[in-house]
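Only heavy atoms go into these numbers, but all of them, side chains included; no hydrogens, no water, no symmetry mates. As the structure is a computational prediction, the values presented were derived from the model and not from experiment. A, B, ... follow the sequence lines: proteins, then strands. Residue 1 opens every chain.
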2 protein chains.
Amino acid sequence: MSITLADIAEKAGVSVAAVSKALSDQSDIAPATRRRIKQLAGEMGYVMNVAARTLTMKKTMAIGVVLPLAHIPAVTDRLRGIQAEAMERRYLTSVAFHNGGIDEERKQIEMLYGRVDGFVITPANQSLELAKLLKRLDLPVVCMSEPLVKMETDFSGDDDEEGGRLAAAHLLERGRERIAYLGYAEGTPSDQAILKGMREVFAGKGLSLDKSWIRWGNASQAETRANMDALLAMTPRPDAIMAFSDVTALWVLEHLERRKVAVPGEVAVAGYDDTIFAELGRMPLTSVAQPNFEIGRQAARLLLERLEDESGAAAAPCRRVVFKPRLAVRMSSG
Amino acid sequence: MSITLADIAEKAGVSVAAVSKALSDQSDIAPATRRRIKQLAGEMGYVMNVAARTLTMKKTMAIGVVLPLAHIPAVTDRLRGIQAEAMERRYLTSVAFHNGGIDEERKQIEMLYGRVDGFVITPANQSLELAKLLKRLDLPVVCMSEPLVKMETDFSGDDDEEGGRLAAAHLLERGRERIAYLGYAEGTPSDQAILKGMREVFAGKGLSLDKSWIRWGNASQAETRANMDALLAMTPRPDAIMAFSDVTALWVLEHLERRKVAVPGEVAVAGYDDTIFAELGRMPLTSVAQPNFEIGRQAARLLLERLEDESGAAAAPCRRVVFKPRLAVRMSSG
DNA sequence: TTGAAAGCGCTAACAG
DNA sequence: CTGTTAGCGCTTTCAA
C-alpha cells in the first residue's frame with residue numbers, strides 16, 4: 001500500500017490536517033513543523049493520491065487533448081507545444097487521437113471527461129452533435145487550428161486566409177493562373193479560409209478559381225490519386241496544385257512523377273504545414289509554414305489561463321490568437 | 001454541479017447503494033428496479049465521477065503511454081494500435097511524449113502516476129534510474145519496440161535481429177559489401193540487435209562489418225549530415241547505408257543528392273519502419289517493415305491482461321511477443 | 001499554530 | 001432484494 005497523509009501524521013506525531021497544510025505550503029503552520037513534516041514525507045516516499053485530491057478539490061490538474069490525423073507531423077509539433085506549456089504549469093496533458101470520424105471523436109472526449117479540467121481540440125467534425133456534447137460537459141474548450149463553427153470557444157491557430165493569399169500570390173507571380181485545390185472536406189473552416197484567401201488574390205487580378213478544380217477528400221493516398229487523375233484529364237489542365245497538407249502534396253509529387261508530368265515545368269505544387277518532410281519528398285516542396293509548436297503552446301495557455309482564473313472564468317469573453325503564416329518557397333513551384 | 005448517485009437515489013426513492021448496484025449491473029438487485037434506475041440515470045444525464053470511483057476501487061481504468069520521437073510515423077501507428085485495444089476494453093489511453101532525455105522521460109512517468117494502472121513505454125534511456133523509478137512505482141510495465149535491459153518486463157516488438165538479417169542479406173545480394181550503419185545510440189538494444197543480425201549474415205559470407213562505418217546519433221538532420229560527410233570522406237567509401245529509421249534514411253537520400261552521389265548506383269540506401277514516407281522521399285526507399293499497429297495493439301493487450309488478471313498478477317512470468325519484420329524492396333537499393 | 005470533524009462520490013460488506 | 005454503515009485519502013472550516 002502507498003503512504004498516506006495519515007501515515008506521515010502518525011509518525012510525526014501531528015494531525016492529518018497539519019500534514020496537509022505543511023505539504024501544500026499553507027501559511028498557518030509553524031515553519032519548523034512544516035520543515036519537519038516535509039522532510040519526513042520525503043524520506044517516507046510520499047506521493048499524493050491524485051484521486052483523493054481530485055475528489056475534494058474538484059480539479060484534476062490535467063488537460064485533455066483530442067486530435068485527428070496523428071500521422072501528420074504538424075499535429076505532433078503542436079502537441080509538443082501544448083505539453084511544454086502544460087508541464088510548466090504542472091498540468092498533465094492527456095492525449096487521445098481519433099480517426100476523424102464523429103463517433104471516435106465523441107467517444108474520446110467522453111472518456112476523458114472527469115479526468116481533465118478542460119479540452120484542447122482540433123475538431124474534425126463540424127457536427128451539431130459535437131458542439132452539444134461539449135456544451136453539456138461544460139468544461140472550457142480551446143480549438144486549435146480549426147474553429148468549431150457551431151460553438152464559440154477560445155482559439156489558437158494560424159491565419160489560413162493569409163496562407164491562401166501567400167500561396168496564390170506566389171503561384172500567380174510564377175505565371176500560374178489555373179490553380180487546383182486539394183482540400184480535406186468542404187465543411188472544414190480552414191479549407192474554406194484558404195480558398196477565400198486564394199480567391200481574394202485571384203479577384204485582385206481579375207481572375208477566378210474554377211469550381212471544378214476544387215477536390216475534396218485527400219486524407220488517403222488513393223483519394224488523392226483519383227483526384228489528380230481527374231484533374232489531369234481536364235482541358236485545360238490546371239498548371240498548379242495547392243494541397244491542404246504537406247502529406248497530400250507529397251502524394252501529388254509522387255503521382256505526377258508516375259504520370260510523367262514535369263514539376264514544376266507543367267504543374268507547380270505547393271503544400272501546407274512545412275513539416276520536416278517538405279524538404280524530403282520527390283523534390284523540395286513549397287509550403288505554407290505555420291509556427292506549430294507556438295500554436296500548441298498558445299492553445300494550452302488559453303486553456304490554462306481560463307482554468308486558473310478564479311474570478312469569472314465562465315464569463316470571460318472568448319479569445320482568438322492568430323499566427324501569421326509565411327511561405328517557404330522551394331523547387332516544386334519553380 | 002454534476003448529478004450524483006445520491007440525486008438519482010432520492011428521485012427514485014431508493015438508497016444510494018441500490019443505484020450503485022443497478023448501474024454497475026450487479027446481480028443482487030431486482031431487474032425491474034435496475035431498469036427503472038438506469039432509465040432515470042439516463043434521463044438525468046448521470047455521468048460517473050471518475051475520481052470517486054478511482055478512490056474506492058483503487059483502479060483508474062486508464063493506461064499510461066510514454067514515448068519519445070513523436071514525429072516518427074511508426075510511433076503514432078503503434079499508438080493507434082494501443083488505443084484501439086484499450087478502447088475496446090473501456091480503458092482510457094493517456095499519452096505523454098518526451099524528447100528522449102531521461103529527465104523528461106522520468107517526469108512524464110511521474111506525472112502519470114496515480115492516474116493510470118500501468119504503463120506502455122518505449123524506453124529511450126537505458127539508465128538504472130528509469131528502472132528504479134518504475135520498480136518503485138510498482139505498476140505493471142510493458143516495453144514496446146525497445147526492451148529495458150535493467151528490468152524484466154512484458155515486451156511487444158519486432159525481431160530486430162531478423163530485420164538486420166533481411167537488410168544485410170538483401171544488400172549483399174545486390175553486391176554491396178561495405179555497409180555503413182546509422183544508428184540512434186550505441187546503448188540502444190534495438191540498434192544492437194539490428195547490428196547483430198547484419199553481422200551474422202556477413203559472417204556467413206566470411207565478411208565483417210567495419211566498426212568505423214557505424215555512426216551514432218541520427219535523431220536530427222544535422223547529425224546525419226555530419227555522419228554522412230564523414231562516411232563519404234573515407235576510402236574505400238561504403239557502398240550501402242542502413243539507417244535505423246525511415247526519417248534518417250530520407251535525410252540520407254536528400255544529402256546524397258546534394259553531394260551528387262548516385263543512388264543506388266554508387267550507394268544503396270535502406271531504412272527501417274516502412275512508414276508512409278518511405279514511398280515519398282527523393283526516391284522510393286527500401287525499408288524493413290514492421291506491423292506497427294499490431295505491435296501497439298499487442299503491447300496494450302499484454303498490459304491489460306495483466307491488469308485484469310485477478311489472481312497472481314504480479315506473479316505471472318513476463319511475456320515477450322515478437323513480430324517478424326519483412327523487407328519492402330524499392331528503388332533506393334536498386 | 002494546531003487538531004477534530006465533516007464531506008467529496010463511490011463501493012462493499014453486512015444486516016434486515 | 002434493499003438499505004445502513006463504514007471507509008477510500010484528501011482539504012477545509014471551525015474550535016481550541
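For T4(A) and dC8(D), the shortest distance from a side-chain N or O to OP1 or OP2 is not below 4.0 Å. Taking only side-chain nitrogens and oxygens, S20(B) comes nearer than 4.0 Å to OP1 or OP2 of dT11(C). Dashed line: the shortest gap from a side-chain N or O of Q26(A) to OP1 or OP2 of dT11(D) is not under 4.0 Å.
Between E10(B) atom CD and dC10(C) atom P the separation is 14 Å, expressed in whole Å. Separating the CE atom of M61(B) from the C1' atom of dC10(C) is a distance of 15 Å, rounded to the nearest angstrom. For D25(B) and dA12(C), the CG to P distance is 14 Å, given to the nearest whole Å. Protein atom CE of M57(A) is 13 Å distant from nucleotide atom C1' of dG9(D), rounded to whole Å. Rounding to whole angstrom units, CG of residue L5(B) and P of dG7(C) are separated by 18 Å. Atoms CZ (R34(B)) and P (dT2(D)) sit 10 Å apart, rounded to a whole Å. The distance between atom CD1 of I8(B) and atom P of dG9(C), rounded to the nearest whole Å, is 12 Å. Straight-line distance from the CZ atom of R36(A) to the C1' atom of dT2(C): 12 Å, rounded to whole Å.
Minimum atom distance to the side chain of A17(A) is reached by dT12(D), of the listed dT12(D), dC10(C), dA12(C). Considering only the side chain of D28(B), dT2(D) comes nearest among dC10(D), dT11(C), dT2(D). Residue A52(A) places its side chain closer to dG9(D) than to any other of dG9(D), dG3(C), dT11(C). For T56(A), taking side-chain heavy atoms from C-beta onward, the closest of the listed nucleotides dT1(C), dG7(C), dC8(D) is dG7(C). Among the nucleotides dC1(D), dT11(D), dT1(C), the one closest to any side-chain atom of T33(A) is dT1(C).
Here the options are R80(A), Q298(A), R297(A), the test is side-chain hydrogen bond (donor to acceptor under 3.5 Å, both in side chains), and the partner is E85(A); only R297(A) passes. A side chain to side chain contact (heavy atoms under 4.5 Å, CB included) with I63(A) holds for exactly one of D117(A), L304(A), L112(A); it is L304(A).
Between K21(B) and L55(B), the residue anchored nearer the 5' end of DNA chain C, judged by the nucleotide with its closest heavy atom, is L55(B).
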Next item on the list: Determine, step by step, whether K38(A) and D25(A) satisfy the salt bridge (Lys or Arg N to Asp or Glu O under 4.0 Å) criterion, reporting the C-alpha distance in whole Å, the side-chain angles of both residues, the deciding distance to 0.1 Å, and the verdict.
Entry: CA-CA 10 Å; K38(A) 279 195 163 178; D25(A) 280 322; 2.8 Å; yes
Next item on the list: Report the C-alpha separation of R306(A) and D154(A) in whole Å, then their side-chain angles, then the decisive distance to 0.1 Å, and conclude whether the salt bridge (Lys or Arg N to Asp or Glu O under 4.0 Å) test is met.
Entry: CA-CA 10 Å; R306(A) 205 171 272 278; D154(A) 287 336; 2.8 Å; yes
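Contacts of S2(A) with the nucleic acid, taken as non-hydrogen atoms under 4.0 Å apart, are absent. Within the 4.0 angstrom heavy-atom criterion, only backbone atoms of the sugar-phosphate kind lie near V14(B); the bases stay farther away. Backbone-only engagement by K58(A) is indicated by non-hydrogen atom pairs under 4.0 Å involving sugar-phosphate atoms exclusively. Among the protein residues, N49(B) comes within range of the sugar-phosphate backbone only, with heavy atoms under 4.0 Å from sugar or phosphate atoms but none that close to a base.
Between the side chains of R78(B) and S145(B), at least one donor N or O lies within less than 3.5 Å of an accepting N or O. Side-chain contact, E146(A) with S190(A): a donor N or O sits under 3.5 Å from an acceptor N or O.
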